[in-house]
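To start, the structure itself, in structure tokens.
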Amino acid sequence: AFPVFDVLSFNWLWQNGDDTNFELPFNNKKVKPDEHMKSLLSRVAVARVVEFRCHASKMDNAEPKIVHLGPDAAPIAYGKHDQAFGVIPPLTSSAFVLHRVCRSATEYVALLTRQRPGVEFPFKNNRFGFSKESTHTLAIDSKKLTDYWAALALFIQECGLADMIQQSRQLVLEKADRLLDVRADIVAVHLIAYLNILKGTPHQNRVLRALEAFGEVIIKDQFAKNYFDAAMLFERQGEIEHAFGYLQLAMKSRPNGPVIQEHFQRLEKLVKKKD
């Protein structure tokens with residue numbers, strides 16, 4: 001129904017956290033549209049691709065000019081670069097890409113174990129915590145969705161996939177549980193990165209317990225600032241007792257640090273008052 005085009009771009013939607021583990025696709029309909037686009041190429045235009053990219057391929061500058069349309073069939077108005085919309089299109093088009101970036105908190109944590117190439121930190125460091133924030137809700141016909149789920153269940157049954165899926169889910173649970181099974185110094189050196197990627201999950205509080213379990217091996221002056229920064233982070237979140245736990249590690253690591261001592265005494269009074 002659209003005019004002839006070389007590239008057609010439409011919404012890339014982020015689906016934030018699911019309520020339970022292993023939810024069916026589209027059960028969670030809450031999304032956050034992103035400024036980045038996702039794109040289709042016409043077969044004729046493939047020969048004009050200079051570089052295949054995640055959101056919109058880089059095309060040549062030869063004549064005739066590339067026809068790049070948005071989901072409303074109008075020419076694209078670019079944002080900060082040629083893979084981003086100037087204005088995010090409304091969710092009224094019939095096509096979009098849904099990125100299930102988080103899934104449940106457990107699945108999110110398990111996915112973090114896929115280390116990025118060339119990065120010392122042993123987990124995906126381009127994630128920013130688990131969140132259920134959303135700005136929009138997808139309008140999906142309930143009858144079509146029910147039919148889709150029924151077809152999915154039939155596919156799993158006819159292909160004998162149930163046992164494989166169950167095994168895969170068990171691996172996810174095990175991966176999430178092994179998140180902190182790494183060397184003590186790695187946890188201490190990359191402490192803030194750990195806390196950032198685990199934000200919003202129950203696993204964030206496990207980091208302190210893991211450090212305490214390592215014992216004296218992580219009590220070093222070089223780690224004191226990380227412990228202090230972690231304490232301030234948890235205080236901002238209103239978790240005073242957790243913040244105090246990190247300050248205790250900071251005090252042991254740098255007992256003569258005046259700033260650490262000052263905040264230690266302050267939080268110690270708050271903890272006692274709370275008790």
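Scope of the values below: all heavy atoms of this structure, side chains included, with no hydrogens, waters or symmetry mates.
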ask   = Counting N and O atoms only, with roles assigned by atom type, does the side chain of Asn16 sit under 3.5 Å from a partner on the main chain of Ser134, one being a donor and the other an acceptor?
value = no
- Heavy atoms, side chains only, cut-off 4.5 Å: are Leu195 and Tyr246 in contact? yes
**Message:** Looking at Arg103 and Asp18, is any side-chain nitrogen of the basic one under 4.0 Å from a carboxylate oxygen of the acidic one?
**Reply:** no
When rounded to the nearest 0.5 Å, the distance separating CD1 of Ile218 from CG of Asn226 is 11.0 Å
Grouping I, L, V, M, F, W and Y whenever their side-chain heavy atoms are under 4.5 Å apart, do Tyr148 and Leu13 come out in a common cluster?
yes
- Message: Any side-chain to backbone donor/acceptor pair from Gln83 onto Ala56? Under 3.5 Å, distance only.
- Response: yes
Item to check | Ser57 and Glu51: CA distance, side-chain angles, deciding distance, side-chain contact (heavy atoms from CB on, under 4.5 Å) verdict | outcome: CA-CA 6 Å; Ser57 293; Glu51 179 187 355; over 6 Å; no
Are any non-hydrogen side-chain atoms of Lys144 and Ser142 less than 4.5 angstrom apart? no
When rounded to the nearest 0.5 Å, the distance separating CG of Leu41 from CG of Leu8 is 10.0 Å
Problem set entry | Beyond-backbone contact of Phe223 with Val189, side-chain heavy atoms, under 4.5 angstrom | yes
Closest non-hydrogen atoms of Pro3 and Ala73, given as atom of the first, atom of the second and distance, are CD-CB, 4.0 Å
Residues pairing under salt bridge (charged side-chain N to carboxylate O under 4.0 Å, His left out) where one sits in residues 21-33, two or more places apart or in two chains, turn out to be Lys32-Glu133
Separation between CG (Leu191) and CG (Asp229), nearest 0.5 Å, reads 8.5 Å
Self-check item: Phe123-His190 aromatic ring centre distance below 6.0 Å
Solution: no
CG (Leu198) and CG (Leu112) are apart, to the nearest 0.5 Å, by 6.5 Å
| query | Got Gln204 and Phe234 here, is their nearest side-chain heavy-atom distance under 4.5 Å? | reply | yes
Heavy-atom closest pair (Phe10 atom, Ala95 atom, distance to 0.1 Å) is CB-O, 3.7 Å
What one should report as the nearest heavy-atom pair of Glu235 and Ala243 is N-CB, 3.7 Å
- Message: Same cluster or not: Val109 versus Phe128, using hydrophobic residues (I, L, V, M, F, W, Y) connected whenever any side-chain heavy atoms lie under 4.5 Å apart?
- Response: no
Looking only at heavy atoms, the pair that brings Phe130 and Thr201 closest together is CB-CG2, 3.5 Å
- Flag side-chain contact, heavy atom, 4.5 Å: Phe228 against Val259: yes
Side-chain heavy-atom pair Ile219, Ser253 within 4.5 angstrom cut-off
yes
Hits for side-chain hydrogen bond (donor to acceptor under 3.5 Å, both in side chains) against Asp147, two or more places apart or cross-chain, chain-then-number order -> Lys143
- Message: Ring centres under 6.0 Å, that's the criterion: do Phe244 and Phe264 meet it?
- Response: yes
Do Leu249 and Leu208 have side chains that approach each other closer than 4.5 Å (heavy atoms only, starting at C-beta)? yes
Under a side-chain separation threshold of 4.5 Å, the hydrophobic residues clustered together with Val4 are none
Separation between NE2 (His136) and CG (Asn11), nearest 0.5 Å, reads 9.0 Å
* Asked: Judged by atom type as modelled, is there a donor-acceptor pair below 3.5 Å linking the side chain of Asn28 to the main-chain atoms of Gly17?
  -> yes
Under 3.5 Å: donor-acceptor pair, side chain of Arg48, backbone of Ala62
yes
Apply side-chain contact (heavy atoms from CB on, under 4.5 Å) to Lys132 and Asp19, showing your working. CA-CA 8 Å; Lys132 292 185 180 181; Asp19 291 328; 2.7 Å; yes
Over 12 foreign heavy atoms within 6.0 Å of CD, Glu216 = no
* Would Leu40 and Val46 show up in the same hydrophobic cluster when neighbours are defined by side-chain heavy atoms closer than 4.5 Å? -> no
### Task
Taking atom types as modelled, find out whether Glu107 and Ser104 have a side-chain donor-acceptor pair closer than 3.5 angstrom.
yes
For Phe214 and Val182, the nearest pair of non-hydrogen atoms, with its separation, is CZ-O, 3.7 Å
Has the side chain of Arg169 got a donor or acceptor atom that lies under 3.5 Å from a matching backbone atom of Asn21?
no
Worksheet item: Going hydrophobic residue to hydrophobic residue with side-chain gaps under 4.5 angstrom, can you get from Met37 over to Val101?
Response: no
Can you tell me if Tyr108 uses its side chain to pair, donor with acceptor, with the backbone of Ile197 under 3.5 Å?
yes
| field | Hydrophobic cluster identity match, Leu138 and Trp12, side-chain contacts under 4.5 Å | value | no
Could you check whether any side-chain heavy atom of Leu111 comes within less than 4.5 Å of a side-chain heavy atom of Val172, counting everything from C-beta outward? no
Taken to the nearest 0.5 Å, the spacing of Glu262 CD from Leu247 CG works out to 11.0 Å
Using a cut-off of 6.0 Å, state whether more than 12 heavy atoms not belonging to Asp181 lie near its atom CG. yes
Task: Full working for side-chain contact (heavy atoms from CB on, under 4.5 Å) between Val49 and Lys58 - done: CA-CA 6 Å; Val49 174; Lys58 185 176 182 179; over 6 Å; no
message = Please check: side-chain N/O of Trp149 versus main-chain N/O of Pro25, any donor-acceptor pairing under 3.5 Å?
response = yes
Run the numbers on Ser39 and His55 for side chain to side chain donor-acceptor pair (under 3.5 Å), then give the verdict.
CA-CA 6 Å; Ser39 306; His55 302 283; over 6 Å; no
Enclosure of Met232 CE (heavy-atom neighbours >12, cutoff 6.0 Å): yes
* Asked: Can you check ring pair (Phe, Tyr, Trp, His ring centres under 6.0 Å) on His36 and His99, steps first, answer last?
  -> CA-CA 12 Å; His36 291 86; His99 185 187; over 10 Å; no
For Glu63 and Lys65, the nearest pair of non-hydrogen atoms, with its separation, is OE1-N, 3.5 Å
Does Lys38 reach the main-chain N or O of Cys54 with its side chain, forming a donor-acceptor pair under 3.5 Å? yes
Q: Could you tell me whether Gln157 atom CD has more than 12 heavy atoms of other residues or ligands within 6.0 Å of it?
A: no
So does Phe2 have more than 12 non-hydrogen atoms from other groups sitting under 6.0 Å from CZ?
yes
For the CG atom on Asp163, are there more than 12 heavy atoms of other groups (residues, nucleotides or ligands in this structure) within a distance under 6.0 Å? no
*asked:* Please check this pair: side chain of Asp6 against backbone of Val67, looking for a donor-acceptor N/O pair closer than 3.5 Å.
replied: yes
